[in-house]
There are 2 protein chains.
Amino acid sequence: MQKYSGETRILVATDCIIFGFDGFKIKLLVVQRGLEPEKNKWSLMGGFIQPSESPDDAANRILELRTGLKNVYMEQFHVFGRPDRDPVERTLSIAYFALIDIHKYEKQLSEEYHPEWFLLNEMPELIFDHAEMVKLALRQLRYKAALHPLLFQLLPEKFTIPQLQALYEGVYQTKFDDRNFSRKLLSTGLLVKLSEKDKLSSKKGAFYYQLDQSHYEENFESFLNLVPNPEKFF
Amino acid sequence: MQKYSGETRILVATDCIIFGFDGFKIKLLVVQRGLEPEKNKWSLMGGFIQPSESPDDAANRILELRTGLKNVYMEQFHVFGRPDRDPVERTLSIAYFALIDIHKYEKQLSEEYHPEWFLLNEMPELIFDHAEMVKLALRQLRYKAALHPLLFQLLPEKFTIPQLQALYEGVYQTKFDDRNFSRKLLSTGLLVKLSEKDKLSSKKGAFYYQLDQSHYEENFESFLNLVPNPEKFF
DNA sequence: TCAAAAGTGTTCCGTCTACACCCATGT
DNA sequence: ACATGGGTGTAGACGGAACACTTTTGA
């Protein structure tokens, strides 16, 4: 079978937006770009799709190549395609995003491209339209996290309710009522209480919980209401 | 500035999934494919992105080219990129979807590619992975329509509440309680009651309403609850 | 004993559901 | 008069918001 003739083929890249939580703040992972133009400037982890790989495969390969991170669940969320978004040559970019527990992946991070975590409001200037991508990804994150039990994934195996609350407060840049938050959270039935307590952040100590994995998977699409008035944040 | 060397460029298409409502049922618009392979088989409206157009522009151009439809608000929703999805040559497809009032666009439809509306459960076989695209788009439609005032757009300027309910019931393939539906709907404040009644479908007659346009625009992102237990439908 | 953080109880209120019932009108 | 579909009223369950209060323990 012959090819489609007379049509223009285009470079297609994927860019990965990786949000992480270190227990206190939400951060974004960026690397130093390895090729001209804009070499050594801060950039999302990006690269070109190869002839025989799917966009999902490309995103995973590129993330590992640039940072060393493996087995991160990323979701495709938008194609950026302004014809002039890359000054060198027209390039479409399929953007992916993910959320991770920074400590859990700490050891995997390779130094080759100098990956670095930045606080959202201390982000350096990013190349091309990457700042716009981050903005849209954050919006998407807030949207999904307001409706579904998504942020639970950013925490270590065992975590306390105040930690999870800090995470939500980080994502939405606001404060929630501790008392209602914990009650709502427990009422979801997604958590299993452990006997151990975390005594570091308070005198009373907060019980550790872990995800009820099977419950979590079957309720992943269910609607939560941990964030009051979510539309306020979009 | 030179080009990126050593990278493979890929064909990129857009495909448009157009859902329509004729007052009774939800339908999908498809055309007969104009080129080999699979020429004359049923297909979504698709075509290749040109060098200097954005994906959004391409989707609009292609929709008009294939069907004659102009000024349809479409939303990008997913990239389909399995390397072998097009047997001729690797092609990525950026899928767009939209919802329209069939009657409103009836006159614009051009006959060149034999566009035709099919009921969702009477769809012919579609080429490539187009059936999968439709399935995902329908899921997306149900998701968004359960949360936001989206379906209102599918109706003519003036419409009755039972008509709107029939539309929701078509999208979710189920029945809602008429009494609660109309009360919830009115409580959104998005509708303006007209003095005229539609007497065709009942003896008592149902009042016509129209969208309160300014309200609608500012509340487009607000959350509705016209669909009980929406997670049931995903 | 006091301070600090975790977490529970309680009250108020608005919203959803289910369903009885009333309304308007063509036949 | 009565059948038909359009719509309102109402009672009970439920869940969220606000906030007083109790619990635990280190200093």
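A, B, ... follow the sequence lines: proteins, then strands. Residue 1 opens every chain. Source: prediction; values computed, not measured.
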A.B. asks: When the distance from CG of A/L186 to C1' of C/dG9 is rounded to whole Å, what number comes out?
C.D. replies: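 Interatomic distance, CG of A/L186 to C1' of C/dG9: 15 Å.
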A.B. asks: Under a 4.0 Å threshold between the charged nitrogen and the carboxylate oxygen, would A/E221 count as salt-bridged to B/R142?
C.D. replies: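 No.
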A.B. asks: Rounded to the Å, how far apart are B/L185 CG and C/dC16 C1'?
C.D. replies: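 Roughly 15 Å, once rounded to whole Å.
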A.B. asks: Output the rounded distance in Å from NZ (B/K175) to P (C/dC19).
C.D. replies: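 Result: 18 Å.
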A.B. asks: Roughly how many Å is it from CG in A/L226 to P in D/dG16, rounded to a whole number?
C.D. replies: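 Distance check: A/L226 CG to D/dG16 P gives 9 Å.
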A.B. asks: Counting only heavy atoms not in B/K25, do more than 12 sit closer than 6.0 Å to its NZ atom?
C.D. replies: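 Not more than 12 within 6.0 Å, no.
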A.B. asks: Between A/K197 and A/F207, is NZ or CZ placed under 6.0 angstrom from the six-membered ring centre and within 45° of the ring axis?
C.D. replies: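 Judged by the rule (NZ or CZ under 6.0 Å from the ring centre, within 45° of its axis), A/K197 counts as positioned above A/F207.
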A.B. asks: Is there a side-chain contact (heavy atoms from CB on, under 4.5 Å) between B/V171 and B/F21 once you walk through the steps?
C.D. replies: CA-CA 10 Å; B/V171 170; B/F21 185 64; over 6 Å; no
A.B. asks: Just checking, B/K193 and B/Y209: is the charged tip under 6.0 Å from the six-membered ring centre and within 45° of the axis?
C.D. replies: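 Judged by the rule, B/K193 and B/Y209 form no cation-pi pair.
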A.B. asks: Report which part of the nucleic acid A/T160 touches: base, sugar-phosphate, or nothing (heavy-atom distance under 4.0 Å, all strands).
C.D. replies: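 Result for A/T160 = nothing.
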A.B. asks: Checking side chain to side chain contact (heavy atoms under 4.5 Å, CB included) against A/C16, which of A/N60, A/L69, A/L63 comes through?
C.D. replies: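 Going through the options one by one, the only one that passes is A/L63.
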A.B. asks: Measure from CG on B/L200 to P on D/dT4 and round the result to the nearest Å.
C.D. replies: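 To the nearest whole Å, that distance equals 18 Å.
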A.B. asks: Roughly how many Å is it from CZ in B/F176 to P in D/dG5, rounded to a whole number?
C.D. replies: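 My rounded result for the distance is 20 Å.
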A.B. asks: Let me know the distance between CZ of B/F159 and C1' of D/dG6, rounded to the nearest Å.
C.D. replies: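 Answer to the nearest Å: 16 Å.
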A.B. asks: How long is the line joining CD of A/Q163 and C1' of C/dA6, in whole Å?
C.D. replies: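 Rounded to the whole Å, the gap is 13 Å.
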A.B. asks: How would nucleotides 17-27 of chain D be written as a contact map, 5' to 3', with B for base contact, S for sugar-phosphate-only contact and - for no contact, using protein heavy atoms under 4.0 Å?
C.D. replies: BBBBB-BBBB-
A.B. asks: Remember a base hit wins even if backbone is also touched, and classify A/S187 as base, sugar-phosphate or nothing at under 4.0 Å, heavy atoms.
C.D. replies: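 Nothing: the residue A/S187, judged by heavy atoms under 4.0 Å, touches no strand.
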